[in-house]
Number of protein chains: 2
Amino acid sequence: MSSDAPGFELPLRLFLGFRVLIDDLHAELARQGHPDVRPMHGFVFQAIGAEGTTAAELGRRLGISKQAAGKTVDALERLGYLRREADPGDARRKVVRLTERGLDCLARSARIFDELRARWAEVLGADRLRALEADLRRVTPAEAFRLDIPGWFGGP
Amino acid sequence: MSSDAPGFELPLRLFLGFRVLIDDLHAELARQGHPDVRPMHGFVFQAIGAEGTTAAELGRRLGISKQAAGKTVDALERLGYLRREADPGDARRKVVRLTERGLDCLARSARIFDELRARWAEVLGADRLRALEADLRRVTPAEAFRLDIPGWFGGP
DNA sequence: ACTATTTCGACAACCACGTTGTCGATTCTA
DNA sequence: TAGAATCGACAACGTGGTTGTCGAAATAGT
């Protein structure tokens, strides 16, 4: 059908939707006492989880090198969201854990994402939104989120 | 409803959808003789268009500084996709134009995007895909695509 | 048990991308 | 005509990611 949207609109809208949600999340996060958290940090918190991990494992989960993961941990540690602790059972490992502040940010993010989703549900209708999510699940891989955006987008 | 997806899944799926489409596009583009084009370059070509523009105007269209736009133009010029021409009517301006190769890449991108959309239509059904696009249009702003992804995502 | 391989974390060098600041040259405007 | 705004280029800087190397510590194998 010639009335169909041009193919390039689809990726544009998908990214715009992603960006709007993330921007809204961080605007609200800033209002709630976390003004210095960046979009990528949320994914890092999610990958660390409540139990904590090591830098090397974090790199694997996020699809980046352990060195890059280490740098990110450095930054978040300086901001007070993460803490490195020595592993009693393995002298090589240093377990990265979320601090009180990190856990607070993670919990607030989850709540705000739910609120943003509810707002979309108001606009689109709950059934349409569920259908949208279901459709997206069918065309996207099960892979984890990869954090190599900068290199992926512009990289060599 | 407690059976609803958690709010954080929506942005993840949106980005994953974007990434899958862009990755597939560039895999096919590489097969068709454009292996060195990066995801961001496609948006640059689109912003330049067939008539050409200046670096400053390009920066405005992409939401980045004119200096950043100038750097990108440098890179694409080295790759043979762009050409700088002096403007006869304004000695300050240098018009950036797509070369033969740039136009070829732009045309192939459009065709590949249409094919990828058709593939999604096979999976989801043409009506569901149109509904998905329509829903996305209702929740995304009319703004143009902004190319400041690296800075936006990891930024200062 | 002792050696060989693997893994972890850190350091360094490097590249890509974006930013602000500055500059001379040119064009527009008051 | 004089002053303000624009264009393009250069420099300095910060961030993010990558590869390569290294010593220390754990694990596997003979």
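Here is the naming used below: chain letters follow the sequence lines, and residue numbers restart at 1 for every chain.
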Practice item. Within residues 34-57 of chain B, find the residues that approach DNA chain D with a heavy atom at under 4.0 Å, and present them sorted by residue number. Key: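 Heavy-atom cutoff 4.0 Å gives B:Thr54, B:Ala55, B:Ala56.
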
Check your understanding: Is a side-chain donor-acceptor pair under 3.5 Å present for B:Trp120 with A:Asp135?
Key ->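 No, B:Trp120 and A:Asp135 have no side-chain donor paired with an acceptor closer than 3.5 Å.
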
Review point. Does a donor on one side chain and an acceptor on the other come within less than 3.5 Å for B:Thr140 and A:Arg13?
Key: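 Present: a donor and an acceptor within the cut-off.
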
Phosphate-side-chain proximity, [X] and [N], N/O vs OP1/OP2 below 4.0 Å:
| X | N | value |
| --- | --- | --- |
| B:Arg146 | C:dG18 | no |
| B:Arg60 | D:dC7 | yes |
| B:Thr72 | C:dG18 | yes |
| A:Lys71 | C:dC11 | no |

Review point. Under 30°, 30 to 60°, or over 60°: which ring-plane class applies to A:Phe18 and B:Phe153, parallel, tilted or perpendicular?
Key: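 Taking B:Phe153 first and then A:Phe18, their aromatic rings sit tilted (interplane angle of 30° to 60°).
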
Review point. Under 4.0 angstrom, heavy atoms only, what part of the nucleic acid is B:Gly154 near: base, sugar-phosphate, or nothing?
Key: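 Counting heavy atoms under 4.0 Å across all strands, the contact made by B:Gly154 is with sugar-phosphate only.
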
Whole-Å gap separating [atom2] ([N]) and [atom1] ([X]):
| X | N | atom1 | atom2 | answer |
| --- | --- | --- | --- | --- |
| A:Phe153 | C:dG18 | CZ | C1' | 13 Å |
| A:Lys94 | D:dG23 | NZ | C1' | 13 Å |
| A:Asp87 | C:dC8 | CG | P | 12 Å |
| A:Leu62 | D:dG16 | CG | C1' | 13 Å |
| A:Leu147 | D:dT15 | CG | C1' | 13 Å |
| A:Asp74 | C:dA10 | CG | C1' | 9 Å |
| B:Ile64 | C:dA16 | CD1 | P | 16 Å |
| B:Leu58 | D:dG8 | CG | P | 10 Å |

Practice item. Scan residues 70-103 of chain A for pairs that pass ring-ring contact (aromatic ring centres under 6.0 Å, His included), counting only residues two or more places apart or in two chains. Key: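 For residues 70-103 of chain A, and leaving out neighbouring residues, the ring-ring contact (aromatic ring centres under 6.0 Å, His included) pairs sorted by first residue read A:His34-A:Tyr81, A:Phe45-A:Tyr81.
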
Identify whether [X] and [Y] are in the same connected component of the hydrophobic contact network (ILVMFWY, side-chain heavy atoms under 4.5 Å).
| X | Y | answer |
| --- | --- | --- |
| A:Phe145 | A:Leu62 | yes |
| A:Leu132 | A:Leu12 | yes |
| B:Leu103 | B:Leu29 | yes |

Check nucleotides 20-24 of chain C for protein N or O atoms closer than 3.5 Å to its own N or O atoms and list the pairs.
residue : atom : partner : partner atom : Å
C:dG21  : O6   : B:Gln67 : NE2          : 2.6

Practice item. Would you check, one step at a time, whether the test salt bridge (charged side-chain N to carboxylate O under 4.0 Å, His left out) holds for B:Arg130 with B:Glu133? Key: CA-CA 5 Å; B:Arg130 272 193 290 268; B:Glu133 290 171 331; over 6 Å; no

**Study point:** Test log, rule side-chain contact (heavy atoms from CB on, under 4.5 Å), inputs A:Leu58 and A:Val96
**Key:** CA-CA 9 Å; A:Leu58 185 59; A:Val96 178; 5.6 Å; no

Practice item. Quantify the bending of the helix from C:dA1-D:dT30 to C:dA30-D:dT1 as the angle between its end axes, each fitted on five pairs, to 10°. Key: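 End axes: 20° apart.
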
Pairs under 3.5 angstrom, nitrogen or oxygen only, protein versus nucleotides 26-30 of chain C, please.
residue : atom : partner : partner atom : Å
C:dT26  : O2   : B:Arg92 : NH1          : 3.4
C:dT27  : OP1  : B:Ala91 : N            : 2.9

Heteroatom pairs (N/O) under 3.5 angstrom, protein to nucleotides 2-4 of chain D:
none

